[in-house]
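Beneath this line is the structure, given in structure tokens, with notes to follow.
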Amino acid sequence: MTTADVTIYGAGIFGLSCAWAIQRRGARVQVIDPDGVGAGSSGGIVGALAPHTPENWNQKKQFQLDSLLMAEAFWSEIDAASELSAGYGRLGRVQPVLDVRGLDLARDRIAGAAQFWRGQAEWAIVAAADLDGWHPASPTGLFIQDTLSARLHPRQACHAIAAAITAGGGAIRAEGRPDGLQLWATGAAGLQDLSAALGQMVGNSVKGQAALLDLDRRSGPQLFADGVHIVPHADGTTAIGSTSERAATDPVGTDHQLDELIARARALCPALEDAPVIARWAGLRPRARSRAPMLGHWPGRAGHFIANGGFKIGFGMAPKVAEVMADLILDGIDRIPEPFQVAANLKSQTTSA
Ligand SMILES: Cc1cc2nc3c(=O)[nH]c(=O)nc-3n(C[C@H](O)[C@H](O)[C@H](O)COP(=O)(O)OP(=O)(O)OC[C@H]3O[C@@H](n4cnc5c(N)ncnc54)[C@H](O)[C@@H]3O)c2cc1C
């Protein structure tokens with residue numbers, strides 16, 4: 001007798017979200033991860049769910065918009081089913097307007113948001129007086145505020161979704177016999193495995209380091225300035241992220257690059273100055289060759305599927321990734337945008353005469 005209709009390898013945000021969506025449609029799931037829930041890139045602390053800019057619209061931006069708009073219902077169901085909290089909150093994001101060019105761009109994006117976000121969220125220009133003392137430094141005294149950005153706590157979100165799956169009858173195991181269809185959501189290691197199996201590089205990993213501070217701004221927006229994310233969490237901590245490092249000798253260690261990031265964040269946002277650092281963390285972001293998520297059938301392996309390539313926005317993309325993967329795996333309906341297909345990450349195959 002089989003114990004699962006679908007076996008999911010990898011208990012990161014992609015594997016867990018897909019398992020949840022598949023289980024919600026009535027299939028039996030087991031998630032197998034020898035290192036446990038949130039052991040990879042998803043066990044982190046930043047959790048900015050922030051949109052691409054509303055301009056030069058394309059399929060990737062539309063998919064991300066759909067996913068960000070699905071997130072509130074997605075995470076509230078998980079909180080209810082798990083009796084835990086993912087720490088989700090749609091509290092927006094504030095960024096400084098640096099100069100006149102930035103102001104012109106912000107005005108264009110207000111129009112872009114009206115056109116592409118269609119009243120579901122706004123892009124606005126605001127002054128410091130509107131921000132209740134919680135904002136980064138701004139040379140113009142002006143800020144961009146969007147109402148689409150949200151936050152969650154990545155590690156807590158992974159444990160909440162795992163508990164929701166278990167509460168619904170699914171299994172999370174360190175090892176087990178494969179049963180049914182198989183979904184590989186194995187992050188950075190999975191990109192390596194896939195590259196080896198296909199005989200070509202389909203992706204790699206990019207290390208990131210982040211810190212958690214003891215600073216309670218839980219009802220404030222996330223801040224973004226000079227490439228630094230400052231993300232207040234619901235539990236009264238505030239995260240700072242992240243470095244971006246291509247060739248990492250120590251994939252999960254933190255070093256002086258994180259110290260520099262913390263110093264930069266404190267210079268950008270004086271409210272962080274005296275807040276003690278309570279945790280340091282590093283992980284490997286799975287980056288597909290196309291830099292977009294890589295979703296679909298495993299080429300040449302019937303009954304095997306891939307959900308990988310979350311790179312820097314895996315948590316923001318997860319609700320929609322889970323939906324399209326459940327459509328594909330359970331119903332055979334392929335709603336994956338062309339740039340996210342596995343084939344988009346493969347070198348074009350040429351046949352010699
Ligand atoms: C510093 C940092 C900051 C980030 N900040 C954000 C952010 O603010 N917002 C955002 O949306 N994203 C952010 N990300 C990116 C996000 O964390 C990733 O996109 C996401 O975690 C990828 O999820 P995943 O499930 O694909 O991979 P992972 O979380 O890496 O999960 C893969 C899992 O597969 C398991 N595994 C590997 N091989 C096997 C096997 N053979 N069998 C079974 N299991 C296996 C591993 O143990 C692991 O648990 C950040 C990442 C980093 C590193």
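Atoms within a ligand are numbered from 1 in the order they appear, just like the ligands themselves. Worth saying up front: this structure is predicted, and the values here are computed from it rather than measured.
Looking at Phe311 against ligand 1, only its backbone comes within 4.0 Å, counting heavy atoms. Under 4.0 Å from ligand 1, the heavy atoms of Ala185 that appear belong solely to its backbone.
Of all atoms in ligand 1, listed by their number and element, those nearer than 4.0 Å to a heavy atom of Gly314 are 10 (C), 11 (O), 12 (N), 19 (O). Taking a cut-off of under 4.0 Å to the non-hydrogen atoms of Trp281, the atoms of ligand 1 that pass are 1 (C), 2 (C), 52 (C), 53 (C). Shown in contact with Ile32 at under 4.0 Å from a heavy atom are these atoms of ligand 1, numbered in order with element: 43 (C), 44 (N). Heavy-atom contacts of Asp35 reach the following atoms of ligand 1: 47 (O) (cutoff under 4.0 Å). Set against the non-hydrogen atoms of Gly40, the atoms of ligand 1 under 4.0 Å away are 29 (O), 30 (O), 48 (C), 49 (O). Interface of Gly10 with ligand 1, defined as ligand atoms under 4.0 Å from a residue heavy atom, comprises 33 (C), 34 (O), 35 (C), 43 (C), 44 (N). Atoms of ligand 1 found under 4.0 Å from any heavy atom of Gly12 (numbered from 1 in listed order, with element): 25 (O), 29 (O), 31 (O). Against a heavy-atom cut-off of under 4.0 Å, Gly47 is close to the following atoms of ligand 1: 7 (C), 8 (O).
Evaluated by nearest non-hydrogen atom to atom 23 (O) of ligand 1, the leading choice among Gly44, Gly310, Ser42 is Ser42. Considering each of Thr7, Val231, Asp193, Thr186, the one bringing a non-hydrogen atom nearest atom 37 (C) of ligand 1 is Thr186.
Contact check for Leu16 versus Cys158: side-chain heavy atoms found under the 4.5 Å cut-off. At a threshold of 4.5 Å between non-hydrogen side-chain atoms, the residues Pro96 and Leu223 do not count as touching.
Considering backbone and side-chain atoms together, Phe315 places an N or O closer than 3.5 Å to an N or O of ligand 1. The shortest N or O to N or O distance between Ile13 and ligand 1 is under 3.5 Å. Polar contact with ligand 1: absent for Gly208 (N/O pair, distance under 3.5 Å). Between Ser41 and ligand 1, a contact under 3.5 Å exists for at least one N or O pair. For ligand 1, the polar-atom distance check against Asp33 finds a nitrogen or oxygen pair separated by under 3.5 Å. Taking only nitrogen or oxygen atoms, main chain and side chain alike, Ala189 does not reach within less than 3.5 Å of ligand 1.
In the model, Thr7 has no side-chain atom that pairs as donor or acceptor with a side-chain atom of Asp179 under 3.5 Å. Under the 3.5 Å distance criterion, with hydrogens and angles disregarded, no donor-acceptor pair is assigned to the side chains of Gln23 and Arg28. For the 3.5 Å distance criterion, the side chains of Lys312 and Ser242 fail to qualify, holding no donor opposite an acceptor.
Scanning the protein for heavy atoms near atom 27 (O) of ligand 1, the closest one is Gly187 CA, 3.7 Å. Protein heavy atom closest to atom 5 (N) of ligand 1, with residue, atom name and distance, is Val46 CB, 3.8 Å. Closest to atom 3 (C) of ligand 1 among all protein heavy atoms lies Ser242 OG, 3.3 Å. Ranking protein heavy atoms by distance to atom 9 (N) of ligand 1, first place goes to Ala48 O, 2.8 Å. For atom 50 (C) of ligand 1, the closest heavy atom belonging to the protein is Arg285 NE, 4.1 Å. Closest to atom 14 (N) of ligand 1 among all protein heavy atoms lies Lys312 O, 3.8 Å.
For the pair Gln222 and Leu49, the tightest heavy-atom approach, listed with the atom from each and the gap, is NE2-N, 4.2 Å.
At a 4.0 Å cut-off, at least one heavy atom of Pro34 sits close enough to ligand 1 to count as contact. Ligand 1 lies within reach of Gly316, whose nearest heavy atom is under 4.0 Å from it. Not a single heavy atom of Gly241 sits under 4.0 Å from any atom of ligand 1.
Ring geometry for Phe340 against Phe63 counts as perpendicular: the plane angle is over 60°, on a 0 to 90° scale with 30° as the lower cut.
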ask   = Checking side-chain contact (heavy atoms from CB on, under 4.5 Å) for the pair Val6/Gln182: CA distance, chi angles, key distance, verdict?
value = CA-CA 6 Å; Val6 186; Gln182 296 179 45; over 6 Å; no

inquiry  = As a quick check of understanding, evaluate side chain to side chain donor-acceptor pair (under 3.5 Å) for Glu122 and Trp117, giving each step before the final call.
reply    = CA-CA 8 Å; Glu122 281 181 359; Trp117 294 356; over 6 Å; no

Evaluation steps, side-chain contact (heavy atoms from CB on, under 4.5 Å), between His233 and Thr238 = CA-CA 6 Å; His233 284 305; Thr238 296; over 6 Å; no

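Salt bridge present: Asp259 and Arg280 bring a charged side-chain N and a carboxylate O closer than 4.0 Å. Contact check on Arg335 versus Glu323 returns no salt bridge, with no Lys/Arg side-chain nitrogen under 4.0 Å from an Asp/Glu carboxylate oxygen. Between Arg25 and Asp327, at least one side-chain N (NZ, or NE/NH1/NH2) sits under 4.0 Å from a carboxylate O, which counts as a salt bridge. A salt bridge does not link Asp99 with Arg101: every distance from a Lys NZ or Arg NE/NH1/NH2 to an Asp or Glu carboxylate oxygen is 4.0 Å or more.
A side-chain hydrogen bond (donor to acceptor under 3.5 Å, both in side chains) with His304 is found for exactly one of Tyr9, Trp298, Trp184, namely Trp184.
Atom CD of Gln192 is surrounded by 12 or fewer heavy atoms from other residues, nucleotides or ligands within 6.0 Å.
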